[in-house]
Enquirer: 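Can you read through this structure? Questions will come right after.
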2 protein chains.
Amino acid sequence: MSLTHAIMTSLLEKPCTGAELARRFDKSLGYFWQATHQQIYRELGKMELSGLIAAHGMPTARGQQRQFAVLAAGRSELASWCAQEGALRPIKDALLVRMRAAAVLGATGGDTVDILTEMRRHMLLHGEVLARYEAIEAHDFPAGSPRSAADELQLAVVRAGIAYENSWLAWCHQALAALEAG
Amino acid sequence: MSLTHAIMTSLLEKPCTGAELARRFDKSLGYFWQATHQQIYRELGKMELSGLIAAHGMPTARGQQRQFAVLAAGRSELASWCAQEGALRPIKDALLVRMRAAAVLGATGGDTVDILTEMRRHMLLHGEVLARYEAIEAHDFPAGSPRSAADELQLAVVRAGIAYENSWLAWCHQALAALEAG
DNA sequence: CACCCCATGTAAAGAGTTACATGATTTT
DNA sequence: AAAATCATGTAACTCTTTACATGGGGTG
């Protein structure tokens with residue numbers, strides 16, 4: 001499971017509390033892997049039990065902050081997961097299901113569903129996300145500054161997001177043109 | 001939930017049994033929305049109870065084929081779902097988590113994880129999927145042949161897959177070049 | 001003190017995966 | 001008739017989401 005490993009990655013960068021993790025998952029980290037605070041607390045609990053991480057400070061008590069850090073066992077578990085092979089992520093986008101549904105509804109009974117508005121909406125949203133990613137790239141990886149091997153990896157991750165959003169934007173543009181012409 | 005609507009879309013195109021649905025989800029339809037036969041049978045049961053679809057033939061009995069077709073209620077439910085707004089689908093790709101993990105493992109303790117091999121593997125796999133999508137486009141939508149409005153929608157869906165895979169391929173190529181240089 | 005916010009947590013339902021089971025049909 | 005295969009289904013588990021609950025600390 002990747003959530004465990006995403007959390008350990010973030011804790012390795014800097015130990016923190018569950019709430020701070022949830023905030024990170026809402027910001028940069030969460031652009032590539034999302035999690036709610038409920039998931040995070042549950043995983044933290046499991047990982048503590050398994051001895052992958054440890055809380056610096058007090059035992060469980062509501063309302064009390066608990067700072068987590070990765071243990072050696074967690075670090076080696078992360079390294080071993082890293083070396084494993086993973087499957088490609090499938091597309092599974094509801095917009096595409098809606099388009100197929102609109103096609104068959106129109107073809108089999110004359111219901112005409114306006115799917116173009118939804119496609120235009122997606123195009124705008126993809127543009128917004130793209131702008132966020134490009135801002136991250138410009139801010140964290142300015143052109144011309146020296147980059148370590150770790151920086152190169154992080155930059156490649158951001159650029160995956162940029163490529164992904166650019167691809168959707170271009171597709172929306174082209175598909176809308178084709179569908180509006182017909 | 002989209003699985004319900006993906007199933008109805010497929011049943012509208014042509015009524016069929018659960019097993020045939022599972023086969024379709026393994027082929028063309030499944031390239032954009034995946035489901036196992038267990039999920040499909042569970043959804044079919046729920047949808048039959050809700051009156052969205054009906055089985056032409058015998059009641060529940062193991063081993064007996066049951067042909068499903070969409071009812072009017074199902075059709076209008078599908079149309080109304082089609083008109084709803086959906087959120088963008090987040091990226092959530094384990095390869096990107098592995099890359100960030102490899103970055104932090106290298107930066108904080110000198111563990112060097114070979115992530116390039118996994119990236120090359122993904123590049124090959126994306127190439128294979130792209131070839132499948134392009135074969136579908138060439139076979140089902142040959143250039144120059146007339147296309148209905150429904151055909152244009154279906155083609156746009158296939159091209160979303162092509163754009164998606166092309167984007168990953170280009171990213172893999174560029175990221176590998178950058179990382180191998182460093 | 002009353003109020004509000006924040007960090008932490010519980011509960012329940014939805015969605016997906018994996019493993020297994022049973023009746024019918026086909027093959028040998 | 002035995003074996004293999006297919007269509008259907010159950011069970012258990014994991015992951016995710018949504019809604020709600022509780023304790024502590026700060027502010028008016």
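Values below: every heavy atom of this structure, side chains too, minus hydrogens, waters and symmetry copies. Every chain is numbered from 1 and lettered A, B, ... according to where its sequence line falls, protein lines coming before strand lines.
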Enquirer: Measure the shortest side-chain to side-chain distance between A:Thr117 and B:Glu85 over non-hydrogen atoms and say whether it is less than 4.5 angstrom.
Expert: no
Enquirer: Cation-pi check for A:Trp171 against B:Arg159: NZ or CZ below 6.0 Å from the six-membered ring centre and within 45 degrees of the axis, yes or no?
Expert: no
Enquirer: Can we say A:Glu128 and A:Arg132 salt-bridge, meaning some charged N sits less than 4.0 Å from an Asp/Glu carboxylate O?
Expert: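 No, no charged N to carboxylate O under 4.0 Å.
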Enquirer: Tell me if the aromatic rings of B:Tyr164 and B:Phe32 count as close, with their centers under 6.0 Å from one another.
Expert: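 Centroid separation for B:Tyr164 and B:Phe32: 6.0 Å or greater.
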Enquirer: Starting from the 5' end of DNA chain C, give me the residue, A:Thr17 or B:Thr36, whose nearest nucleotide shows up first.
Expert: A:Thr17
Enquirer: Ignoring backbone atoms, establish whether A:Arg42 has a side-chain N or O less than 4.0 Å from OP1 or OP2 of D:dT14.
Expert: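 No, because none of the side-chain N or O atoms of A:Arg42 sits under 4.0 Å from OP1 or OP2 of D:dT14.
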Enquirer: Nearest to the side chain of B:Lys46, which nucleotide is it out of C:dA15, D:dT17, C:dG16?
Expert: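 Of the candidates, C:dA15 comes closest.
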Enquirer: Please report the distance, rounded to the nearest Å, between CD in B:Gln67 and P in D:dC6.
Expert: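 It is 19 Å, rounded to the nearest whole Å.
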Enquirer: Report the distance from atom CG of A:Leu44 to atom P of D:dC15, rounded to the nearest whole Å.
Expert: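 The distance from CG of A:Leu44 to P of D:dC15 comes to 14 Å, rounded to the nearest Å.
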Enquirer: Compare the minimum distances between each of C:dG9, C:dA7, D:dT17 and the side chain of A:Arg23, then state the nucleotide with the smallest one.
Expert: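 That would be C:dA7.
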Enquirer: Separation of B:Gln39 atom CD from C:dG16 atom C1', in whole Å?
Expert: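 That distance rounds to 5 Å.
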Enquirer: Is any side-chain nitrogen or oxygen of B:Lys92 closer than 4.0 Å to OP1 or OP2 of D:dC15?
Expert: no
Enquirer: Ignoring backbone atoms, test whether A:Tyr41 places a side-chain nitrogen or oxygen under 4.0 Å from the OP1 or OP2 oxygen of C:dG9.
Expert: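 So the side chain of A:Tyr41 is outside the cut-off, no N or O lying under 4.0 Å from OP1 or OP2 of C:dG9.
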Enquirer: At under 4.0 Å between heavy atoms, what does A:Gln38 touch on the DNA or RNA strands: base, sugar-phosphate, or nothing?
Expert: base
Enquirer: On the nucleotide D:dT16, are OP1 or OP2 found under 4.0 Å from the side-chain N or O atoms that A:Gln34 carries?
Expert: no
Enquirer: Take atom CZ of A:Arg66 and atom C1' of D:dG23, then tell me their distance rounded to the nearest Å.
Expert: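 Whole-Å distance recorded here is 15 Å.
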